[in-house]
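One structure is given here, and the rest of the page talks about it.
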2 protein chains.
Amino acid sequence: MTDTAPGTGGRRRGRPPRTESAGTRERILDAAREEFAERGYEKTSVRGIAKAAGVDSALVHHYFGTKEQVFEAAVEVALVPALKVRDAVLEAPLDDVGERMTRFLFGLWENPATRKPLLAIVRSAVTNEAAATVFRRLVASQLLRRIAGEIDAPDAELRAELAAAQLVGIAMMRYVIKIEPIASADIERIVERVAPVVQGHLTGP
Amino acid sequence: MTDTAPGTGGRRRGRPPRTESAGTRERILDAAREEFAERGYEKTSVRGIAKAAGVDSALVHHYFGTKEQVFEAAVEVALVPALKVRDAVLEAPLDDVGERMTRFLFGLWENPATRKPLLAIVRSAVTNEAAATVFRRLVASQLLRRIAGEIDAPDAELRAELAAAQLVGIAMMRYVIKIEPIASADIERIVERVAPVVQGHLTGP
DNA sequence: GTCTATAAGACGATAGAC
DNA sequence: GTCTATCGTCTTATAGAC
């Protein structure tokens with residue numbers, strides 16, 4: 001119907017002619033994110049992903065290769081949009097960064113589109129070295145080192161990491177292990193207490 | 001040599017006569033702790049535990065039943081001695097509790113005898129519900145609720161949990177994911193910065 | 001692009017011999 | 001108390017038909 005073969009003079013002349021079947025690829029990635037987020041790397045099976053996506057498991061391999069490559073394809077791209085928000089955090093004035101980092105964390109975790117890949121990473125990073133590498137790159141290289149770069153102190157890196165540890169711990173207890181009452185607590189009440197602590201780690205005495 | 005059959009009039013009359021072979025049971029538990037700590041629950045196999053202990057996998061089942069029962073037997077008991085230290089933490093004056101909790105954490109994780117079961121719990125709790133329950137009982141019920149009980153504030157429980165989140169985050173980054181420089185940082189330098197933060201969560205403004 | 005078929009093996013758990 | 005043997009199920013991954 002909307003299809004136009006190359007050379008017919010139709011609309012999408014520039015589009016590469018591969019990929020006939022609409023969103024199969026995306027459906028697989030969606031399913032993979034969901035499975036990895038819920039079960040972690042080891043407990044997730046390629047067959048399970050395929051079933052959730054309504055396709056055969058061989059097709060998953062056909063698109064992405066090994067299970068580990070499925071993980072990378074499903075998880076890492078989903079966090080790219082978050083990089084823009086991160087840049088906004090980093091461009092803010094430094095005496096504001098505690099609250100901004102804290103709100104950045106909750107922004108990521110309260111949004112289902114980013115919570116799933118994050119859950120997948122955390123659930124997998126504790127046992128899978130590839131996922132641990134993604135985690136390190138995400139937390140350490142992408143965020144901490146840049147924040148540390150702006151702090152004028154001899155122990156800038158340690159400070160930045162302790163601030164991150166506070167936030168990582170909250171994410172673990174609220175979103176992964178789900179310990180009450182922090183799992184259900186109002187975000188504003190948490191921000192109120194945590195933002196000054198993060199700020200203190202970074203620029204305090 | 002030191003063996004005395006029942007009725008011979010030897011020393012250990014009260015001892016139940018079962019368990020002929022010396023420390024096989026303990027060897028299995030040791031191996032299980034090691035495996036669960038290194039690989040997490042899903043990646044650990046009963047066969048792997050058996051091989052590490054130098055026995056057959058059927059023997060592991062014979063002693064402990066299912067894999068989940070092996071986990072419980074190996075992990076939970078190993079932390080009982082820590083309860084005494086915890087009691088010392090709780091009996092200390094409240095304006096000291098920040099530093100004491102922080103040092104308590106490092107005491108647990110720097111000691112190989114307690115680090116292994118802790119690693120096993122953390123590595124397993126993110127994907128295994130039984131392990132998550134152990135974690136909640138350990139952190140929440142056993143420690144937090146008792147600390148919260150001593151704080152005179154309306155949000156005592158949230159305060160205690162945010163303090164714990166700071167410590168949990170440090171443990172995650174230092175011992176589980178191993179992010180530098182916090183993974184190699186001198187403990188005293190960390191305590192110096194973290195103890196006041198924990199104290200502030202509990203008794204601060 | 002999507003499937004069937006299958007290789008090649010690891011897994012948890014049990015029955016039963018010794 | 002310890003092992004052998006085994007059942008039944010699950011896994012990743014590939015070759016190849018359509």
Side-chain angles (χ1 to χ4, degrees), chain A residues 1-3 5-6 15-32 35-36 38-75 120 124 127-131, chain B residues 2-3 5-6 15-32 35-36 38-75 120 123-124 127-131:
Chain A
M1 264 224 265
T2 58
D3 202 28
R15 213 241 228 171
R18 64 186 178 84
T19 293
E20 209 66 47
S21 135
T24 307
R25 205 189 144 91
E26 281 312 313
R27 285 220 325 283
I28 293 174
L29 289 180
D30 266 5
E35 297 283 304
F36 282 125
E38 261 185 30
R39 308 195 216 288
Y41 185 85
E42 325 293 341
K43 222 174 185 169
T44 295
S45 71
V46 178
R47 288 157 126 94
I49 294 171
K51 178 184 272 185
V55 300
D56 191 274
S57 72
L59 193 58
V60 179
H61 284 120
H62 172 69
Y63 273 124
F64 304 102
T66 72
K67 178 180 171 183
E68 207 158 282
Q69 292 171 314
V70 178
F71 180 84
E72 282 162 22
V75 160
S124 305
T127 51
N128 183 270
E129 192 46 44
Chain B
T2 58
D3 201 30
R15 213 241 226 170
R18 64 186 177 87
T19 292
E20 212 65 46
S21 137
T24 307
R25 207 189 142 92
E26 282 311 313
R27 286 221 322 284
I28 293 174
L29 288 180
D30 267 5
E35 296 282 305
F36 283 125
E38 260 185 29
R39 309 195 216 288
Y41 186 85
E42 325 293 342
K43 222 175 186 169
T44 296
S45 71
V46 177
R47 290 158 128 96
I49 294 171
K51 176 184 273 185
V55 300
D56 191 275
S57 73
L59 193 58
V60 179
H61 283 121
H62 173 69
Y63 273 125
F64 305 102
T66 71
K67 179 180 172 182
E68 207 157 283
Q69 292 171 315
V70 179
F71 180 83
E72 281 163 21
V75 161
R123 286 235 157 88
S124 306
T127 50
N128 183 270
E129 193 45 43

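Lettering of chains follows the sequences in order, A, B, ..., and the numbering in each one begins at 1.
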How long is the line joining NE2 of A/His62 and P of D/dA17, in whole Å?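 The answer, rounded to whole Å, is 16 Å.
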
Rounded to whole angstrom units, what separation is found between the CD1 atom of A/Ile28 and the P atom of C/dC3?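 Going from CD1 in A/Ile28 over to P in C/dC3 covers 9 Å.
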
Taking A/Thr44 for its side chain and A/Glu35 for its backbone only, find out whether a donor-acceptor pair lies under 3.5 Å.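 Checking the backbone N and O of A/Glu35 against the side chain of A/Thr44, a donor-acceptor pair under 3.5 Å is found.
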
Any non-hydrogen side-chain atom of [X] less than 4.5 Å from a side-chain atom of [Y]?
| X | Y | value |
| --- | --- | --- |
| B/Glu42 | A/Thr127 | no |
| B/Glu72 | B/Phe64 | no |
| B/Leu29 | B/Tyr63 | no |

Heavy-atom pair with the smallest gap, counting every atom of B/Arg27 and B/Val55: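 Looking at all heavy atoms of both residues, the closest pair is NH2-CG1, 3.9 Å.
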
Heavy-atom closest contact (A/Ile49 atom, A/Ile28 atom, distance):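 So the two residues come closest at CG2-O, 3.9 Å.
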
Among residues 50-60 of chain B, which ones have heavy-atom contacts with DNA chain D below 4.0 Å?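 The stretch gives B/Val55, B/Asp56, B/Ala58, B/Leu59 as the residues lying under 4.0 Å from the strand, ordered by number.
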
Taking side-chain hydrogen bond (donor to acceptor under 3.5 Å, both in side chains) as the test, write out the residues that go with A/Asn128, two or more places apart.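 Testing A/Asn128 for side-chain hydrogen bond (donor to acceptor under 3.5 Å, both in side chains), a comparison that skips the adjacent residues, returns none.
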
Quickly, which of B/Arg123, B/Lys67, B/Glu129 forms a side chain to side chain contact (heavy atoms under 4.5 Å, CB included) with B/Tyr41? Name it, please.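 That would be B/Lys67.
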
Between the protein and nucleotides 8-12 of chain C, are there any N/O to N/O pairs under 3.5 Å, and if so, what are the atom names and distances?
residue, atom, partner, partner atom, Å
C/dC11, OP1, B/Ser45, OG, 3.3
C/dG12, OP1, B/Val46, N, 3.4
C/dG12, OP1, B/Lys67, NZ, 3.4
C/dG12, OP2, B/Val46, N, 3.0
C/dG12, N7, B/Arg47, NH1, 2.7
C/dG12, O6, B/Arg47, NH1, 3.2

